[in-house]
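The residues of the chain are indexed from 1 along the displayed sequence.
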Amino acid sequence: MNIMIQAIRGTKDLNPSDAYIWQYLEEKFRSISNLFGYKELRTPIFEKTEVFSRSIGEETDIVNKEMYTFTDRGGESITLRPEMTAALVRSVIQNNLTHNNPVSRLWYFGPFFRYERPQKGRLRQFHQYGAECISSPHPESDFEIINLAESIIKGLNIKDHKMLINSLGNKASRDDYRNNLVDYLRSHQEKLSEDSRKRLETNPLRVLDSKAPQDKEISAQAPIILDYLDNESSDHFEKVKELLLANNIDFEINSRLVRGLDYYSHTVFEFQHNSLGSQDSFGGGGRYNELFEQLGGKPNPSVGFAMGVERILLVLEANKLIPQPKPDVDVYIVCQDIEDQAMAFKAAGIIRSKELTASLDLQRRSMKAQFREANKQGARFVIIIGKEEASKGVVSLKTMETGEQNEITMSKLAEFSFS
Ligand code: HAM
């Protein structure tokens with residue numbers, strides 16, 4: 001016998017019994033994005049590797065260790081998208097989507113791929129919902145993006161989450177800060193973890209993100225970026241905070257929040273929930289003012305965020321926020337004799353034309369078994385086509401809640417109100 005083939009580690013099948021939860025989430029994403037005037041963008045799930053290496057940063061964990069990169073049969077280096085922002089920017093430039101559009105408001109939902117060590121809330125194929133506000137350099141758009149993210153969180157009834165926010169300033173502020181940070185970290189180099197010593201040379205801001213206890217101690221005393229913001233950078237950050245406060249959106253300033261992607265400038269933020277354990281961040285984003293140029297476009301300052309859908313699901317599960325599934329069918333059709341199956345299909349057609357769900361047996365089971373199935377599927381009504389009904393050209397309609405049962409003609413069935 002052949003050995004069964006298992007799915008790839010860190011990937012999940014979506015079972016039919018859970019599909020409604022994903023449909024519920026997708027519907028929330030779509031309808032709330034729509035309320036903000038955001039339009040959906042879909043791009044291919046693979047891109048030329050350069051799209052990501054040029055934007056996310058050569059020295060980030062994502063590009064260094066986590067990308068699914070392969071050479072295709074034509075010799076081109078291809079990568080399964082680890083995130084959307086870079087791919088979306090590539091698409092906006094290529095399709096000239098900002099032409100005639102002062103601001104492009106876009107959202108997306110789909111699968112992403114990172115070769116990480118799988119654990120709770122960390123997968124190799126995961127899903128993100130996200131939104132990007134393209135072409136406004138102003139803090140109002142940072143606010144709009146955070147406002148949209150918060151509306152999604154609220155729309156899912158998630159409470160007690162935390163939003164951390166920081167500013168990485170403009171390039172001049174960041175360069176100034178980086179130099180000072182490197183000086184400080186160099187003076188404590190021998191106490192840093194091996195990883196952080198390497199990062200000190202390649203991507204020093206990421207040392208602040210390290211979870212190693214010895215690194216945490218050193219970064220606790222490190223200079224903080226907020227002290228290095230120039231006027232333009234601090235004005236921008238002040239305005240974002242002012243709009244959040246005025247709109248009752250809670251936040252916590254965390255000067256060590258740097259995020260794992262290199263394209264950010266000014267505002268960065270992250271959403272956390274303590275029911276997630278060590279992978280406590282279920283979303284994040286920020287402003288990226290230089291990304292369009294890095295990918296060969298004209299300057300186009302923009303801001304966006306993404307949320308991990310599997311992590312949102314964990315939050316919903318832990319807080320009992322998953323809605324009850326709807327019954328599988330509204331009406332189940334029970335048919336006694338296979339000879340009368342045509343009538344059963346006709347009745348099913350009538351029900352479906354009324355935008356109700358109808359199902360019937362395809363295994364030639366007994367009437368008793370068919371009734372059991374009707375109950376299992378949560379049918380509110382059962383249509384019975386016994387030998388007697390069939391001979392008279394009628395059906396019996398049973399209301400499951402009351403047990404009431406009446407004979408009814410097919411044309412009356414079409415007029416019946418199933419509410
Ligand atoms: P990110 O923080 O890398 O940002 O990912 C966003 C979210 O995706 C995370 O907060 C997490 O919930 C989820 N996520 C990431 N990796 C995994 C994984 N291996 N398994 C499960 N969930 C995961 C970005 O991707 C940026 N593109 C966000 C952004 C949009 N910035 C500006 N615009």
Side-chain heavy atoms of Ile165 within contact of Leu257, under 4.5 Å: no

Side chains of Asn300 and Ser135: does their closest heavy-atom pair fall under 4.5 Å? yes

Salt bridge check: are Asp215 and Arg206 linked by an N-O gap of less than 4.0 Å? no

Distance alone, cut at 3.5 Å: any donor-acceptor contact between the side chains of Tyr20 and Gln324? no

Are Glu201 and Arg186 close enough for a salt bridge, meaning some N to O gap below 4.0 Å? yes

Assess the side chains of Asn203 and Asp262: does a donor N or O sit below 3.5 Å from an acceptor N or O? yes

Check the side chains of Asn170 and Asp230 for a donor-acceptor pair under 3.5 angstrom, ignoring hydrogens and angles. yes

Indicate yes or no: does Lys241 engage Glu238 in a salt bridge with an N to O separation below 4.0 Å. yes

Check this for me: does any side-chain nitrogen of one of Glu270 and Arg259 sit under 4.0 Å from a carboxylate oxygen of the other? yes

Can you see whether Thr267 engages Ser167 through a side-chain donor-acceptor pair at a distance of less than 3.5 angstrom? no

Is the shortest distance from a Lys or Arg side-chain nitrogen in Glu190 or Arg197 to a carboxylate oxygen in the other one below 4.0 Å? no

Yes or no on salt bridge (charged side-chain N to carboxylate O under 4.0 Å, His left out) for Glu66 and Arg124, after CA distance, side-chain angles and deciding distance? CA-CA 9 Å; Glu66 296 170 2; Arg124 290 184 173 170; over 6 Å; no

Can a salt bridge be assigned to the pair Glu40 and Arg42 using a cut-off of 4.0 Å between side-chain N and carboxylate O? yes

Only one of Ile146, Asn254, Asp250, Ile153 passes side chain to side chain contact (heavy atoms under 4.5 Å, CB included) with Met163, and that residue is Ile146

Once you measure the plane-to-plane angle for Phe282 and Phe271, does it fall in the parallel (<30°), tilted (30-60°) or perpendicular (>60°) bin? tilted

Ser173 side chain to Ser233 side chain, donor-acceptor N/O pair below 3.5 angstrom: yes

The test is ring pair (Phe, Tyr, Trp, His ring centres under 6.0 Å); show your working for His273 and His161 and say whether it passes. CA-CA 5 Å; His273 204 286; His161 70 287; 7.3 Å; no

Provide the closest heavy-atom pair for Asn180 versus Tyr228 in the form atom of the first, atom of the second, distance. ND2-CE2, 3.3 Å

Assign the ring pair Tyr263 / Tyr288 to parallel, tilted or perpendicular, where the plane angle (0 to 90°) is split at 30° and 60°. perpendicular

Angle class for the Phe113/Tyr68 ring planes (parallel below 30°, perpendicular above 60°, tilted otherwise)? perpendicular

If you measure only the distance, is there a donor-acceptor pair under 3.5 Å linking the side chains of Gln377 and Asn375? no

Check whether any side-chain heavy atom of Leu106 lies under 4.5 Å from a side-chain heavy atom of Ile134, and answer yes or no. yes

Could you tell me whether Asp175 and Lys171 have a side-chain N and a carboxylate O separated by less than 4.0 Å? yes

Mind telling me whether Phe112 and Phe126 have parallel, tilted or perpendicular rings, with 30° and 60° as the class edges? tilted

Side chain proximity check, Met400 to Phe381, heavy atoms < 4.5 angstrom: no

If we count only N and O atoms by modelled type, under 3.5 Å, do the side chains of Thr399 and Glu401 hold a donor and an acceptor together? no

Short N-O contact, Arg90 and Glu47, less than 4.0 angstrom: yes

Determine whether Arg199 and Asp61 satisfy the following criterion, salt bridge (charged side-chain N to carboxylate O under 4.0 Å, His left out), listing intermediate values before the conclusion. CA-CA 10 Å; Arg199 285 203 180 113; Asp61 283 352; 3.3 Å; yes

Below 4.0 angstrom, N of the basic side chain to O of the carboxylate: do Glu217 and Lys191 qualify? no

Would you check, one step at a time, whether the test ring pair (Phe, Tyr, Trp, His ring centres under 6.0 Å) holds for Tyr129 with Phe109? CA-CA 4 Å; Tyr129 157 77; Phe109 169 84; 7.8 Å; no

Does Glu290 pair with Arg174 as a salt bridge, N-O distance under 4.0 Å? yes

Is the ring pair His127/Trp22 parallel, tilted or perpendicular, if the boundaries are 30 and 60 degrees? perpendicular

Kindly indicate whether the side chain of Trp107, heavy atoms from C-beta on, has any atom under 4.5 Å from the side chain of Arg30. yes

What are the two closest non-hydrogen atoms of Ala222 and Leu181, and how far apart are they? CB-CD1, 3.9 Å

